[in-house]
Q: 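Below are the structure tokens for one structure; questions will follow.
Keep in mind it's a predicted model, so treat the numbers as computed, not measured.
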Amino acid sequence: MAIVVTVRRFLPYLLLICSCSGPLGDKPSQSPRPPNVVVILADDLGYADVGFQGLEDFETPHIDRLAAAGIRLTNGYVSHPYCSPSRAGLLTGRNQHRFGHARNPKFGAGEGLPLDETILPEVLARAGYITGAVGKWHLGDAPRFRPRERGFDEFFGLFGGGHDYFRSEGSDAREYLIPLSDNGAEVPVEGYLTDQLTQAALDFVQRHAEAPFFLYLAYNAPHGPLQAPAELLRRVRTIKDERRRTYAAMVTALDNGVGQLVGLLADLDLSESTLVFFLSDNGGPTPANASDNSPLRATKGTVYEGGVRVPFVVAWPGTLRAGSQYDPPVSALDIFPTAVAVAGIDVPVGLDGVNLMPYLSGDRPGPPHELLYWHSHEGAQYAARTPDRKYVRSLDRVPELYAILDDPSESEDISAEDPAVAVLEQATDSWHAEHPPPAWPGTSAAGLFKSQDGG
Ligand code: CA
């Protein structure tokens with residue numbers, strides 16, 4: 001009681017002292033500038049197709065350097081096994097099935113990320129961030145769905161699911177040939193598209209180096225069509241298979257872009273004030289683009305690990321431990337709340353992702369997620385992951401269960417001997433029952449596995 005009285009008596013004087021500037025008090029307190037946030041998203045990159053995950057037939061030195069400067073998320077997942085739903089999850093922090101974003105929007109059909117969903121740049125703008133999207137959008141091409149209508153200050157890139165990498169290369173798909181958008185102005189592909197996107201990203205960072213910025217750099221590489229410049233093809237000429245060689249050259253361009261962006265952050269003395277994520281939007285569609293998901297099972301479009309577990313790095317030099325790895329399951333859904341938390345904003349309610357920072361720093365033990373779920377309408381596929389079990393089911397298959405820590409290849413079904421299969425089946429059905437039907441009809445499942453699938 002005496003202490004309270006004493007504090008009360010002196011409180012006015014304490015406040016007076018604190019409000020002064022001068023020898024008695026510090027300068028008026030100013031919250032430190034929040035870190036920049038950069039999300040580098042590859043498209044259809046195979047799990048094994050980065051050096052830090054065992055790549056052997058070519059090299060990704062810049063992505064590897066980023067991984068060495070940060071934390072490799074070895075059980076890093078996306079929320080859907082193909083493009084647009086995965087991106088909808090990443091940018092909302094909510095499982096996209098909650099709002100019916102179950103399929104890729106068809107170009108020109110007026111389909112897109114529902115307008116009542118809040119996406120990451122809208123929230124970061126509240127903390128004074130300048131926000132830019134560069135690259136593939138694929139969340140609706142109609143004007144109302146475009147990035148600058150959804151909270152991004154700037155956009156350079158393509159609205160659809162893919163694009164030819166050179167001007168007038170002659171792809172069959174119309175959306176692959178239309179001009180790029182530079183803040184609403186139509187511009188052609190100049191040179192090689194991946195390099196052009198890198199330049200747009202560098203330009204964004206240079207112009208906004210003084211402000212906290214959020215850059216969403218969504219390369220369409222190495223999604224099909226398989227097209228690469230001669231100079232990069234020469235660098236990987238030891239690869240005999242022509243399609244794998246072209247894919248390797250495309251990933252090399254992506255790697256160069258990562259190197260240029262990370263190098264610019266260093267040049268601008270922003271490395272320690274920038275949180276960087278690198279990941280792929282889904283697993284490699286191995287038949288379509290000659291990617292490699294080893295040792296994971298299956299490909300893009302499936303809810304096996306090869307469809308949803310992706311190369312995933314988070315780096316923040318000086319804050320997160322460099323050169324380490326984090327093994328519990330994490331999700332692309334976690335990017336939103338993590339970015340919002342480091343920006344100093346209250347994390348909105350209703351998210352499925354969690355702020356990873358206390359887990360990555362070691363302050364909070366235990367896994368960020370006890371359960372992650374997947375559902376793809378193509379083949380009525382379902383999956384669930386606990387820290388040590390993976391459940392998989394599709395319409396024509398009985399439930400499967402894998403001891404995922406020892407069996408990341410999902411090669412030995414243990415459903416007959418492990419009662420966890422029934423628990424996970426019920427949990428998955430309950431999760432699915434919460435969701436509305438798809439907000440728009442889908443394309444055929446077969447299209448997912450072709451090279452120009454828009455996904
Ligand atoms: Ca993709």
Side-chain angles (χ1 to χ4, degrees), residues 35-73 132-136 156-157 165 190-209 213-223 227-237 239 245-281 291 310-318 320 322-323:
N36 309 305
V37 177
V38 174
V39 175
I40 306 170
L41 190 64
D43 191 357
D44 290 11
L45 180 66
Y47 187 75
D49 290 331
V50 285
F52 68 86
Q53 302 212 144
L55 178 64
E56 289 179 347
D57 54 352
F58 64 101
E59 295 180 338
T60 58
H62 300 107
I63 297 171
D64 295 350
R65 204 167 296 138
L66 178 67
I71 303 176
R72 287 178 292 124
L73 303 168
V134 173
K136 167 169 157 174
F156 183 99
Y165 291 85
E190 298 281 4
Y192 187 57
L193 178 55
T194 301
D195 298 337
Q196 192 176 11
L197 297 180
T198 297
Q199 284 306 319
L202 299 177
D203 180 55
F204 174 85
V205 170
Q206 276 166 331
R207 283 186 288 107
H208 301 301
F213 59 80
F214 168 50
L215 171 63
Y216 172 64
L217 173 54
Y219 285 105
N220 58 314
H223 189 293
Q227 298 165 349
E231 181 217 336
L232 294 182
L233 286 166
R234 274 196 296 279
R235 279 178 43 183
V236 293
R237 62 186 176 275
I239 300 175
R245 187 166 64 247
T246 307
Y247 172 84
M250 295 169 76
V251 176
T252 300
L254 168 68
D255 184 65
N256 287 341
V258 172
Q260 287 180 265
L261 178 58
V262 172
L264 177 62
L265 294 173
D267 291 346
L268 296 172
D269 200 21
L270 295 176
S271 298
E272 295 195 354
S273 56
T274 305
L275 172 66
V276 181
F277 293 93
F278 173 86
L279 72 163
S280 180
D281 70 331
S291 52
V310 295
F312 205 149
V313 167
V314 57
W316 188 1
L320 294 175

Q: Hey, could you give me the NZ/CG distance between Lys136 and Leu193, rounded to the nearest 0.5 Å?
A: 11.5 Å

Q: What residues, two or more places apart in sequence or in another chain, satisfy salt bridge (Lys or Arg N to Asp or Glu O under 4.0 Å) together with Arg235?
A: none

Q: Taking only residues two or more places apart in sequence or in another chain, which ones pass salt bridge (Lys or Arg N to Asp or Glu O under 4.0 Å) with Asp57?
A: Arg244

Q: Kindly write out the residues that satisfy ring pair (Phe, Tyr, Trp, His ring centres under 6.0 Å) with His208, not counting sequence neighbours, or none if the list is empty.
A: Phe204

Q: Identify the two heavy atoms, one from Phe58 and one from Asp49, that lie closest to each other, and give their separation to 0.1 Å.
A: CZ-O, 4.5 Å

Q: Any side-chain hydrogen bond (donor to acceptor under 3.5 Å, both in side chains) pairs touching residues 190-200, not counting sequence neighbours?
A: Arg167-Glu190, Thr198-Tyr219

Q: Let me confirm one number: the CZ-CD1 distance from Arg245 to Ile239, rounded to the nearest 0.5 Å.
A: 8.0 Å

Q: Between Leu197 and Val134, which heavy-atom pair has the shortest distance, and what is it?
A: O-CG1, 3.4 Å

Q: Suppose we screen for side chain to side chain donor-acceptor pair (under 3.5 Å). Which residues come up paired with Ser291, at least two apart in sequence or across chains?
A: Asn289

Q: How many angstroms lie between CG in Leu215 and CD1 in Ile40, if you round to the nearest 0.5 Å?
A: 7.5 Å

Q: Tell me every residue that passes side-chain contact (heavy atoms from CB on, under 4.5 Å) with Ala209, counting only those two or more places apart in sequence or in another chain.
A: Leu268, Leu270

Q: Name all residues meeting the side-chain contact (heavy atoms from CB on, under 4.5 Å) criterion together with Ala249; count only those two or more places apart in sequence or in a different chain, and write none if there are none.
A: Ala228, Leu232, Leu233, Val236

Q: Other residues, nucleotides and ligands only: do more than 12 of their heavy atoms fall within 6.0 Å of CD on Glu59?
A: no

Q: Among residues two or more places apart or on two chains, list those pairs meeting side-chain hydrogen bond (donor to acceptor under 3.5 Å, both in side chains) that have a residue in residues 60-70.
A: Thr60-Asp64, His62-Asp255

Q: What heavy-atom pair brings Leu41 and Ser280 nearest, and what distance separates the two atoms?
A: CD1-C, 3.9 Å

Q: If you take all heavy atoms of Tyr165 and Gln227, which pair is closest and at what distance?
A: N-OE1, 2.7 Å

Q: Taking the side chain as every heavy atom from C-beta outward, state whether Leu45 and Tyr247 have any atom pair closer than 4.5 Å.
A: yes

Q: Listed by chain and number, what are the side-chain contact (heavy atoms from CB on, under 4.5 Å) partners of Val262, not counting sequence neighbours?
A: Leu66, Val258

Q: Holding to ring pair (Phe, Tyr, Trp, His ring centres under 6.0 Å), I want the full list of residues that pass it with Phe214, two or more places apart in sequence or in another chain.
A: Phe152

Q: Where do Val276 and Leu265 land on the side chain to side chain contact (heavy atoms under 4.5 Å, CB included) test, with the steps shown first?
A: CA-CA 10 Å; Val276 181; Leu265 294 173; 4.2 Å; yes

Q: Going by side-chain hydrogen bond (donor to acceptor under 3.5 Å, both in side chains), name the pairs with one or both residues in residues 261-277, residues two or more places apart or in two chains.
A: Asn36-Thr274

Q: Heavy atoms only: give me the nearest Pro317-Ala315 pair and the separation to one decimal.
A: CD-C, 3.9 Å

Q: Going by side chain to side chain donor-acceptor pair (under 3.5 Å), name the residues that satisfy it together with Arg237, two or more places apart in sequence or in a different chain.
A: none

Q: Could you state the interatomic distance from CG (Asp203) to CG (Leu264), rounded to the nearest 0.5 Å?
A: 10.0 Å

Q: For a quick test of reading the model, state the closest non-hydrogen atom pair linking Ala42 to Phe278 and the distance between them.
A: CB-CZ, 4.4 Å

Q: Quick one: CZ on Phe277 to CH2 on Trp316, what's the gap to the nearest 0.5 Å?
A: 9.5 Å

